[in-house]
S.K.: 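Below: one structure in structure tokens.
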Amino acid sequence: MKTFSCIIIDDEPTSLELLAGYISKMTNLNLIKTYINAELVLQDVITLENKIDFAFIDVKISGLDRLSLATQIAHRVENIVLVSANLQHAIDGYNINAKHFLYKPFDFTSFEKTVNAVINNIAKETPYIMVKLTCTQIRRIYVDEIIAVEGNGNYINIYTTDAVLTPYYKLADMEFNLKAFLFIKRVNKSYIISTKHIEKIDGFLISLKNGLNVSVGESYRSSFKKVRLNYFENEAK
């Protein structure tokens with residue numbers, strides 16, 4: 001199950017505690033940090049390696065104009081949820097692409113409904129494949145979460161960001177299913193990897209973010225040159 005990172009920005013302790021409690025009740029949400037200081041948010045969020053999935057922002061927070069903060073962090077947050085007792089703020093939010101709104105006062109049911117609506121929209125927009133794990137179990141796997149796929153006889157090991165799955169599948173069939181995604185690369189006879197999850201490249205040895213080390217086979221090195229070039233160009237920035 002995909003877990004979504006969250007931050008709360010609210011200078012009212014009671015409201016902040018309420019939101020944190022609601023987030024803790026949802027197993028697919030992970031609260032990274034809470035903020036009462038708008039300036040500290042700007043310092044932190046801009047330096048994060050990965051985007052935040054959800055930012056719950058009380059538009060009354062002091063220190064900055066109520067929507068100025070949301071505007072400044074919008075490029076680092078996938079989904080901004082404005083929290084207010086003023087419906088006008090919901091209208092204002094559309095100007096900064098904050099299309100999600102929690103109208104105070106709200107209970108857990110309203111919170112859960114809003115979050116699930118956002119997640120359902122994400123699911124529609126995020127590419128995935130369906131993999132048969134057993135005779136009775138089929139699982140949706142988001143392509144962005146695939147780190148590598150390893151051939152293992154008549155089975156494959158699918159390494160994702162939160163699990164290792166071993167369905168009865170041929171590596172060639174999985175390669176065919178993933179061929180539309182240019183960041184998925186076959187690197188040797190036994191491995192397909194996602195270039196999005198490369199931690200390090202040393203010659204033709206690839207270290208992935210889950211600790212897996214994979215060598216690029218000799219017959220695959222020519223096609224892998226562009227991946228190496230892009231990696232080193234990004235490292236130099």
Side-chain angles (χ1 to χ4, degrees), residues 1-11 15-38 40-59 61 64 66-84 89-90 92-104 106-129 139-147 159-163 181 183 194-199 208-210:
M1 177 177 64
K2 181 176 175 61
T3 302
F4 298 90
S5 58
C6 308
I7 59 172
I8 302 172
I9 307 166
D10 195 330
D11 57 1
S15 177
L16 191 152
E17 186 177 341
L18 179 71
L19 276 168
Y22 287 169
I23 289 172
S24 69
K25 289 183 178 182
M26 299 190 66
T27 57
N28 55 350
L29 298 184
N30 178 31
L31 182 59
I32 302 297
K33 196 169 183 179
T34 61
Y35 296 91
I36 60 172
N37 183 288
L40 185 58
V41 178
L42 294 175
Q43 294 174 24
D44 281 3
V45 172
I46 291 173
T47 60
L48 289 174
E49 181 180 354
N50 299 313
K51 283 188 175 183
I52 296 292
D53 293 310
F54 284 91
F56 298 92
I57 303 177
D58 190 308
V59 295
I61 191 166
L64 283 175
R66 63 176 183 263
L67 294 176
S68 177
L69 174 63
T71 302
Q72 292 183 56
I73 68 171
H75 68 294
R76 300 297 300 150
V77 178
E78 296 287 358
N79 301 281
I80 292 175
V81 182
L82 297 180
V83 182
S84 177
H89 294 156
D92 294 341
Y94 274 85
N95 295 325
I96 57 166
N97 204 32
K99 299 183 175 65
H100 316 295
F101 187 77
L102 279 169
Y103 180 63
K104 289 182 174 181
F106 56 88
D107 57 13
F108 176 69
T109 300
S110 299
F111 174 84
E112 184 180 36
K113 183 177 180 181
T114 298
V115 170
N116 283 336
V118 177
I119 291 174
N120 287 337
N121 285 334
I122 293 172
K124 292 176 183 177
E125 298 168 359
T126 306
Y128 64 87
I129 57 173
R139 175 161 172 170
R140 175 186 295 179
I141 302 176
Y142 292 102
V143 178
D144 282 348
E145 295 182 6
I146 296 174
I147 297 174
Y159 299 90
T160 73
T161 53
D162 64 357
F181 306 99
F183 56 89
S194 169
T195 59
K196 289 187 175 183
H197 293 284
I198 292 176
E199 183 71 30
L208 298 169
K209 291 181 179 178
N210 64 342

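Since the model is a prediction, treat every value here as computed from it, not as a measurement.
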S.K.: Looking at NE2 of H197 and OG1 of T160, how far apart are the two atoms once the value is rounded to the nearest 0.5 Å?
M.R.: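 Reported to 0.5 Å precision, the distance equals 9.0 Å.
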S.K.: Does a side-chain heavy-atom distance below 4.5 Å link D44 with Y35?
M.R.: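 In contact.
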S.K.: For atom NZ of K113, is the number of surrounding heavy atoms from other residues, nucleotides or ligands below 6.0 Å larger than 12?
M.R.: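 Open: at most 12 neighbouring heavy atoms sit under 6.0 Å from NZ of K113.
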S.K.: Contact between D107 and S110 at the side-chain level, heavy atoms closer than 4.5 Å - yes or no?
M.R.: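 In short, these two side chains touch, coming nearer than 4.5 Å.
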S.K.: Which distance, rounded to the nearest 0.5 Å, do you find between the CD1 of I146 and the CD1 of I129?
M.R.: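 With rounding to 0.5 Å, CD1 (I146) is 4.0 Å from CD1 (I129).
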S.K.: Looking at Y22 versus F56, is the centre-to-centre ring distance below 6.0 Å?
M.R.: no
S.K.: Can any side-chain N or O of S5 pair as donor or acceptor with the backbone N or O of D53 at less than 3.5 Å?
M.R.: yes
S.K.: I need the full list of salt bridge (charged side-chain N to carboxylate O under 4.0 Å, His left out) pairs touching residues 15-32, with sequence neighbours left out, sorted by first then second residue.
M.R.: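 Non-adjacent pairs meeting salt bridge (charged side-chain N to carboxylate O under 4.0 Å, His left out): zero.
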S.K.: Looking only at heavy atoms, what is the nearest atom pair of V77 and F54, with distance?
M.R.: CG1-C, 4.2 Å
S.K.: Taking all non-hydrogen atoms of both residues, which atom of D10 and which atom of K104 are closest, and how far apart?
M.R.: OD2-NZ, 4.5 Å
S.K.: May I ask you to test the S194-I147 pair for a side-chain heavy-atom distance under 4.5 Å?
M.R.: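 They are not in contact (no side-chain heavy atoms under 4.5 Å apart), so the answer is no.
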S.K.: Kindly compute the distance separating CD1 (I57) from CD1 (I9), expressed to the nearest 0.5 Å.
M.R.: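 That separation rounds to 4.0 Å.
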S.K.: Can you tell me how far the CG atom of N116 sits from the CG atom of N28, to the nearest 0.5 Å?
M.R.: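 If we round to the nearest 0.5 Å, N116:CG and N28:CG are 6.5 Å apart.
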S.K.: How about V83 and F111: do any of their side-chain heavy atoms sit closer than 4.5 Å?
M.R.: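 SC-SC contact between V83 and F111 ruled out.
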S.K.: Looking only at heavy atoms, which two atoms of E78 and K51 are closest? And how far apart?
M.R.: OE2-CD, 3.3 Å
S.K.: Side-chain contact, heavy-atom cut-off 4.5 Å: L29 with T3?
M.R.: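 L29 does not reach T3 side chain to side chain.
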S.K.: Contact between I73 and I52 at the side-chain level, heavy atoms closer than 4.5 Å - yes or no?
M.R.: no
S.K.: Would you indicate whether the side-chain heavy atoms of K209 and T161 approach each other to under 4.5 Å?
M.R.: no
S.K.: Decide yes or no for F183 and D144: does some side-chain heavy atom of the first lie under 4.5 Å from some side-chain heavy atom of the second?
M.R.: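 In contact.
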S.K.: For T34, enumerate each residue passing the side-chain contact (heavy atoms from CB on, under 4.5 Å) test, keeping only those at least two apart in sequence or located in another chain.
M.R.: I8, L16, L31
